[in-house]
K.L.:
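Sharing a structure with you now.
A quick note: this is a predicted structure, and the numbers were derived from the prediction, not measured.
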Amino acid sequence: MRGPTPLPDLDHRTPEFPIITVNVVTLAPQRSIHMPEKELSLVDRCILITLMIKATPLPQTYFTNIAGIGLKADHRRRLLSLDLIEVTEKPITLTLTDEGWRRAAEELGAETPKGAGSLGGTLYVALDFLRRLSDHSGTRTDDLFRLQVDRGDVISAPAVASATVLSTAVGQNADAATLVRRAYQGLAAKPGDYVMLSDLRSALDDLSRAVVDAALIRLNRERDVHLVPESNQKVLRPEERAAAVSIGNQDKHLIAIS
């Protein structure tokens, strides 16, 4: 008599279906990638520094004709794209934004950029001094550059002669420079807008040309006044050319007071 049939060894059975092993990978939450600020060129930095030091809107002609900075459309577009400046037309004028002030202030105490040369190195030495002055005095950067300073400029002999004409013609109780400011306020849509000198002279037709010229020369030495040439000389009308005032052997056709 046969004994009972043994049961199969369950520990060594071949499975009917393959066993699939799944490795579970826990994914970390995705972080936003912050793109670093595009490095500014030396010209970009010089534009921001100039706007910061002057602390007022500046026409493009100021950079090219006075500051000697080769400001091109590419520079304007790059600084605009970074929200560092605002640009208005007729004439093209640049203004620092709040972010532009912050970025320009970073140049105080910054290392001299490569390729800056001897003049650039000297500039950054001066900027480092201004940073230490600002830190020592507790003065904000924008307040530091908006200080009104009496520079005591040396006036040439022709300017002194014109000033004599001014005081004689206008009299002690009437300041022609004040009248120029008042006329500008009546013509400009807002402070800092550029006004043609031809329009300004028309508003001051009670004053002689010599008196107005002397007042403009005097005002040109004040920080908030900017007299500049028209960047596109071809568009000037004859009366606009005739109304120009010559300062530093250059005809100025527009005035802005910030």
K.L.:
Show the nearest heavy-atom pair for residues L187 and A203, with the distance to one decimal.
P.N.:
CD1-CB, 4.4 Å
K.L.:
What pairs with E230 under side chain to side chain donor-acceptor pair (under 3.5 Å), at least two apart in sequence or on another chain?
P.N.:
none
K.L.:
Please name the pair of heavy atoms, one in R78 and one in S41, separated by the smallest distance, quoted to 0.1 Å.
P.N.:
NH2-OG, 3.7 Å
K.L.:
S258: what forms a side chain to side chain donor-acceptor pair (under 3.5 Å) with it, not counting sequence neighbours?
P.N.:
T56
K.L.:
Could you tell me the separation between the CZ atom of R45 and the CD atom of E106, rounded to the nearest 0.5 Å?
P.N.:
9.5 Å
K.L.:
Taking the side chain as every heavy atom from C-beta outward, state whether N220 and V225 have any atom pair closer than 4.5 Å.
P.N.:
no
K.L.:
Could you walk me through whether R132 and D135 pass the salt bridge (charged side-chain N to carboxylate O under 4.0 Å, His left out) check?
P.N.:
CA-CA 5 Å; R132 289 184 283 112; D135 292 344; over 6 Å; no
K.L.:
Which heavy-atom pair separates P229 from D251 by the least distance, and what is that distance?
P.N.:
CB-O, 3.3 Å
K.L.:
Hey, are K54 and D224 close enough for a salt bridge, meaning a charged N less than 4.0 Å from a carboxylate O?
P.N.:
no
K.L.:
Checking D44 against R103 for the salt bridge (charged side-chain N to carboxylate O under 4.0 Å, His left out) test, could you report, in this order, the C-alpha distance in whole Å, the side-chain angles of both residues, the deciding distance, and whether it holds?
P.N.:
CA-CA 11 Å; D44 295 334; R103 181 61 183 83; over 6 Å; no
K.L.:
Return the minimal non-hydrogen interatomic distance between E240 and H253, and the atom names on each side.
P.N.:
O-CD2, 3.8 Å
K.L.:
Counting only N and O atoms by type, is there a donor-acceptor contact under 3.5 Å from the side chain of T93 to the main-chain atoms of T88?
P.N.:
no
K.L.:
Could you pull out the closest heavy-atom pair between I92 and R76, with the gap in Å?
P.N.:
CG2-CD, 3.9 Å
K.L.:
Decide yes or no for L200 and V180: does some side-chain heavy atom of the first lie under 4.5 Å from some side-chain heavy atom of the second?
P.N.:
yes
K.L.:
Going by side chain to side chain donor-acceptor pair (under 3.5 Å), name the pairs with one or both residues in residues 63-72, residues two or more places apart or in two chains.
P.N.:
none
K.L.:
Looking only at the side chains, is there a donor atom on one of S202 and D199 sitting less than 3.5 Å from an acceptor on the other?
P.N.:
no
K.L.:
By the rule that ILVMFWY residues connect when side-chain heavy atoms come within less than 4.5 angstrom, directly or transitively, which residues belong alongside L254?
P.N.:
Y194, M196, V228, L236
K.L.:
Output all residues satisfying side chain to side chain donor-acceptor pair (under 3.5 Å) with R182, sequence neighbours left out; order by chain, then residue number.
P.N.:
none
K.L.:
Looking at residues at least two apart in the chain, or sitting in another chain, which of them share a side chain to side chain donor-acceptor pair (under 3.5 Å) with D193?
P.N.:
K190
K.L.:
Can you tell me how far CZ of R131 sits from CG of L108, rounded to the nearest 0.5 angstrom?
P.N.:
8.0 Å
K.L.:
Over all heavy atoms of both residues, which pair between P113 and L42 is shortest? Give the atoms and the distance, please.
P.N.:
CG-CD1, 3.9 Å
